[in-house]
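Here's the structure we're looking at; comments come further down.
In what follows, every heavy atom counts, from backbone to side chain, and hydrogens, waters and symmetry copies are set aside. Along the sequence shown, residues are numbered consecutively beginning with 1. Whatever order the structure lists them in is the order used to number ligands and atoms, beginning at 1.
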Amino acid sequence: MQSQAKQKDIPNNFPGIPPFPDDVSTAPLLRLSSGKLLEGDSAEHIRLFQASTDIGFFYLDLSDSDQGSSLLGDADDLFQVGETLFELSTEEKKQYDFSEQNSYFGYKAQGAMVVDKQGNLDRNEFYNVSKDDIMGISDPLPAPETLHKSRARLGSFMHGSHAIVTLILDILNDQLALPKDTLSNLHRQQAVSGDQVRFVKAPPQPEDDRRTALGQHTDFGSVTVLFNRLGGLQVLPPGADAEWVYVRPLPGHAIVNLGDAMVKFTNGLFRSNIHRVVAPPGLQAESTRYSLVYFARPEDSAMLRRLEGSDLIPVMEDGQTEEEINSKDWIIRRALGRRVDRGNDLDFEKSAGTEQLSRRIKDQH
Ligand SMILES: O=C(O)CCC(=O)C(=O)O
Ligand SMILES: [Fe+2]
């Protein structure tokens, strides 16, 4: 545990926005320290391993290391960029929707995706910016002026997020006693991958019609680094009787979670928690909600299958089979499979990830 004194130094609410209410259930996520993780504090490394196996979600205090603080600074700047970006006209934003070209980078309008099997539509806009585009690994995609002007900041944020992800992967690699660099070699910054920054905007919903803004899902990739100001994110803890609980955003912290690839690499040892976004709780429901996310994903050509070389990774059970699929195809199937604007036959289950495993309900296959 971090000392009480240390935790008290960090304010619980963000200045200038309505407070997160105290009377809603929240997830008791571990708060890990970026400073301690970087210093090689072995107790903190064990806590990271625990969080990865139990819940797959944790807070990362970025305020206690230089590397973390600089990432927080970039995130603050990009929150401003996100606000300006979404102020563009719908007509202009739609020019940057590349889903017709089988790409999930660029813009997704509100209501372009289903949130459930019933076909209800989402209530948030996305803008996804490719790491490879910003790092000069792929040709640049057409983008609005606001993003052109922010390429340096985006690059710095991507670099900082990728470094934090690499730190997490290296510690987990060590905890699993996998051959050195097994995980980081599947996530080289200069390799072609689906890594992206996502800007999210969800406007306030009418009081008499508040619904799920972003449907329940597990993240598709390896590690997600999320910055929130307003509540609304909820996680479904493991177990048959689990109920949705909010993740309270904390100043100075990122919310970090593992995605499907980490479940597949460890044959279910690590957990990718189901989460969704609903209207912000209490007084916060009147405000527009913005989030900023870095999604780290395995390199496009990486096969999403059980890794060899660790005694901690469960062996395949009799009759258990693995789908032969690489990271690129997995991400495309998951990212575009629930889009309603592509004229494809929507099959909700076909675009599912590791949700069943995430429930951790015995005898459920
Ligand atoms: O906006 C958030 O808080 C979470 C967004 C999210 O889960 C996602 O984009 O995958
Ligand atoms: Fe997510």
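- In terms of the salt bridge (charged side-chain N to carboxylate O under 4.0 Å, His left out) criterion, residue partners of K108 (sequence neighbours excluded) are, by chain and number, D122.
- Remark: among candidates R289, H275, R229, the nearest residue to atom 7 (O) of ligand 1 is H275, based on non-hydrogen atoms.
- In this structure, atom 10 (O) of ligand 1 lies nearest to the protein heavy atom H217 NE2, 3.0 Å.
- The atoms of ligand 1 that sit less than 4.0 Å from any heavy atom of F295 are 8 (C), 9 (O), 10 (O).
- Salt bridge present: E355 and R334 bring a charged side-chain N and a carboxylate O closer than 4.0 Å.
- Taking a cut-off of 2.8 Å, the protein N, O or S atoms nearer than that to the Fe ion (ligand 2) are H217 NE2, D219 OD1, H275 NE2.
- If you look at N124 next to ligand 1, there are no close heavy atoms at all, none under 4.0 Å.
- Between E44 and R47, at least one side-chain nitrogen of the basic residue sits less than 4.0 Å from a carboxylate oxygen of the acidic one, meeting the salt-bridge criterion.
- Nearest protein neighbour of atom 4 (C) of ligand 1, counting heavy atoms only, is V277 CG2, 3.7 Å.
- Residue contacts with ligand 1: R276 is excluded, as none of its non-hydrogen atoms falls under 4.0 Å.
- Heavy-atom minimum distance, S138 versus D133: OG-N, 3.3 Å.
- Put simply, the residue from H187, H162, K131 that forms a side-chain hydrogen bond (donor to acceptor under 3.5 Å, both in side chains) with S193 is K131.
- No salt bridge links R360 with D54; every basic N to acidic carboxylate O contact stays at or beyond 4.0 Å.
- Using a cutoff of 4.0 Å between basic side-chain nitrogens and carboxylate oxygens, E324 and K264 are not scored as salt-bridged.
- With sequence neighbours excluded, no residue forms a salt bridge (charged side-chain N to carboxylate O under 4.0 Å, His left out) with K201.
- Residue contacts with ligand 1 for T224 are absent, since no atom lies close enough (heavy atoms, distance under 4.0 Å).
- Counting heavy atoms under 4.0 Å from ligand 1, residue D219 touches it through the side chain alone.
- Counting the atoms of ligand 1 from 1 in the order shown, those under 4.0 Å from a heavy atom of L214 are 5 (C), 6 (C), 7 (O), 8 (C), 9 (O).
- Scanning all heavy atoms of the two residues, the minimum distance from N185 to R188 falls at O-NE, 3.6 Å.
- Counting atoms of ligand 1 from 1 in the listed order, those under 4.0 Å from a heavy atom of S291 are 1 (O), 2 (C), 3 (O).
- Evaluation of the salt bridge (charged side-chain N to carboxylate O under 4.0 Å, His left out) rule for D219 yields no partner, not counting sequence neighbours.
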Item checked: Stepwise salt bridge (Lys or Arg N to Asp or Glu O under 4.0 Å) test for E308 and R306 -> CA-CA 7 Å; E308 301 291 340; R306 179 183 179 278; 3.6 Å; yes

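- Close approach of ligand 1 to R198 is summarised as follows: ligand atoms under 4.0 Å from at least one heavy atom of the residue are 8 (C), 9 (O), 10 (O).
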